[in-house]
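Right, one structure below, let's go through it.
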Amino acid sequence: MKIATYNINGVKARLPRLKEWLEETRPSVACLQEIKSQDKDFPANEFEALGYELIWHGQKSFNGVAILADTKAGYSINEVKRGLGIDGPKEGEGEQSRYLEADITKDGKTVRIVCIYLPNGNPQPGPKFDYKLAWMEKLRARMGEIWAEEVPAAVLGDYNVIPHDDDVYSVKAMASDALMQPESRAAYSRLLSDGWTDAIRTLNPRGGVWTYWDYKAGAWQRDHGFRIDHILLSPELADRLESVGVDREHRGREKASDHAPTWAMLRE
C-alpha cells in the first residue's frame, strides 16, 4: 500500500502534471493540498477516469484538500470528518478548508487516512501565527481521538513545519520564518511524543531530505529546499513501514508545483 501526499498548488494549473504523477507512480492513496478550487468546480471526473475514487473539501482561490483512492487496485473510500472546527485568523472568516479524514478499505481491512494543510503562520508574530499554533493544538486533539479508536492511521500533508535544522538548506535563511519557530517545532514534537512516527525521518535519520523548493531566487536550481511535507503513522502502520521517498523529478517539470510528492510504502 503506497500512501502519498502532494501539495499541488492549484489543481487546475497543475492538472497535467498531477495526472502524469498519478499515472506514472500509481499511489494507492493520494492526499492533495492547496487544490484552490471550490467544491463545485473541482475536476473530479479527471481522476475518476484514471481509476480513482475521491472526496474533496474545497475553498475558492485558497487552501483545499482532497483524498484519492485507487479503485483499480481494490481500494474504496468513505469520508469520516471534514474540518477541525476552528475559524480562520480573520474575524468572521469562518473555517478554512484544511482538514479531511477518510477510511480507506480493501479486502475488509481499513486504514484511517487524514489529509491536512496546516496554516503557514507568516508573518510572525501576529494573528496568523497564533492561528497556526491553535490549529496544531486542534489537530493534536483530533489525532488523540483517532489514537483512542485503535485504528491503523496515517496523517499526511503539508505541515508547514521544518522539524529539525538538518531539514533545511540554511538555518540562517529561515530563522525568522514561522515554519522554524520554536513554538512550531514544539507543537510538531508533541505529536511525535504522543506516539506518532515521522516516516520520512525514521528512514532518513540524518535529514537532508527536501520536499519543497520556492519558485524564487533559483531555489530549485540551487537545491535550496526544506522538508515540510510529512507522513505521521500510528504504531500499527509504523510497524508496516517498508520504504519512503520524495518524487523530486516531478518538481523539475514544466509548470510544476513548488512541492514534490512525498510517499511511504506499507505492507498490506
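Because only heavy atoms are used, hydrogens play no part in the values below, and waters and symmetry mates are left out as well, while side chains stay in. Keep in mind that what you see is a predicted model, and the values were worked out from it rather than measured.
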Task: Student check: side-chain heavy atoms of Leu156 and Val114 closer than 4.5 Å - done: no
Task: 4.5 Å side-chain heavy-atom contact, Asn63 and Lys36 - done: no
Task: Electrostatic pair Arg240-Glu268, nearest N-O below 4.0 angstrom - done: no
Open item on the list: Salt bridge check, Arg227 against Asp198: does any charged N sit closer than 4.0 Å to a carboxylate O?
Closed with: yes
- [ ] Could you tell me whether the side chain of Gln59 and the main chain of Gln96 form a donor-acceptor pair under 3.5 Å?
- [x] no
Task: Side-chain heavy atoms of Ile55 within contact of Glu101, under 4.5 Å - done: no
Task: Euclidean distance, Cys31 SG relative to Ile8 CD1, rounded to 0.5 Å - done: 12.0 Å
Open item on the list: Between the side chains of Lys132 and Glu183, is the shortest nitrogen-to-carboxylate-oxygen separation below 4.0 Å, so that they form an ion pair?
Closed with: no
Open item on the list: If I take atom CG from residue Asp177 and atom CD1 from residue Ile162, how far apart are they, to the nearest 0.5 angstrom?
Closed with: 6.5 Å
Task: Tyr117 backbone acceptor or donor facing Arg98 side chain under 3.5 Å - done: yes
Task: Test item: Ser28 side-chain N/O and Lys2 main-chain N/O as donor-acceptor pair under 3.5 Å - done: yes
Open item on the list: Regarding Trp213 and Asp223, do their side chains bring together a donor and an acceptor under 3.5 Å, going by distance alone?
Closed with: yes
Task: salt bridge (charged side-chain N to carboxylate O under 4.0 Å, His left out) assessment of Glu79 paired with Arg82 - done: CA-CA 8 Å; Glu79 183 175 320; Arg82 60 175 55 205; 2.8 Å; yes
TODO: May I ask you to say whether Asp167 pairs ionically with Arg201, meaning some side-chain N is under 4.0 Å from a carboxylate O?
DONE: yes
Task: Side chain proximity check, Glu24 to His250, heavy atoms < 4.5 angstrom - done: yes
Open item on the list: Do Asn7 and Asp229 pair up side chain to side chain, a donor and an acceptor below 3.5 Å, judged on atom types alone?
Closed with: no
Open item on the list: When you compare the side chains of Asp158 and Gln33, does any donor N or O come within less than 3.5 Å of an acceptor on the partner?
Closed with: no
Task: Steps toward salt bridge (charged side-chain N to carboxylate O under 4.0 Å, His left out) verdict (Arg222, Asp214) - done: CA-CA 11 Å; Arg222 300 164 70 187; Asp214 203 322; over 6 Å; no
Open item on the list: Treating Arg267 as the side-chain partner and Glu242 as the backbone partner, does any N or O pair qualify as donor plus acceptor under 3.5 Å?
Closed with: no
TODO: Look at the aromatic rings of Phe42 and Trp56 and report parallel, tilted or perpendicular, splitting at 30° and 60°.
DONE: parallel
Task: Over all atoms of both residues, closest heavy-atom pair of Gly51 and Asp70 - done: O-OD1, 3.5 Å
Task: Salt-bridge criterion met for Arg206 and Asp166 (N-O under 4.0 Å) - done: no
Open item on the list: Just so I know, are the side chains of Tyr6 and Ser257 near enough to count as touching, which here means a heavy-atom distance under 4.5 Å?
Closed with: yes
TODO: Supply the atom-to-atom distance Gln181 CD to Gln124 CD, rounded to the nearest 0.5 angstrom.
DONE: 4.0 Å
Open item on the list: Using 0.5 Å steps for rounding, measure from the CZ atom of Arg17 to the CZ atom of Arg251.
Closed with: 13.0 Å
Task: Asp39 side-chain N/O to Gly58 backbone N/O, donor-acceptor pair under 3.5 Å - done: yes
- [ ] For the residue pair Tyr169 and His224, categorise the inter-ring angle as parallel (less than 30°), tilted (30 to 60°) or perpendicular (more than 60°).
- [x] parallel
Task: Close side-chain approach of Leu68 to Tyr75, heavy-atom, < 4.5 Å - done: no
Open item on the list: Looking at Ser193 and Arg190, would you say the former's side chain and the latter's main chain have a donor-acceptor pair under 3.5 Å?
Closed with: yes
Open item on the list: Is there a side-chain contact between Lys72 and Arg26 in this structure, where contact means two heavy atoms from C-beta onward sitting under 4.5 Å apart?
Closed with: yes
TODO: Answer whether the closest heavy-atom distance between the side chains of Lys12 and Ile35 falls below 4.5 Å.
DONE: no
TODO: Any chance you could measure Leu118, atom CG, to Tyr188, atom OH, to the nearest 0.5 Å?
DONE: 10.5 Å
Open item on the list: Under a plain distance cut-off of 3.5 Å, with no hydrogens placed, do Glu93 and Tyr131 share a side-chain donor-acceptor pair?
Closed with: no
Task: Under 3.5 Å side-chain donor-acceptor pair for Asp247 and Trp263 - done: yes
Task: Short side-chain donor-acceptor distance under 3.5 Å, Glu53 and Ser76 - done: no
Open item on the list: Between the side chains of Asp165 and Arg185, is the shortest nitrogen-to-carboxylate-oxygen separation below 4.0 Å, so that they form an ion pair?
Closed with: yes
Task: Distance, nearest 0.5 Å, that separates NE2 of His230 from OG1 of Thr197 - done: 14.0 Å
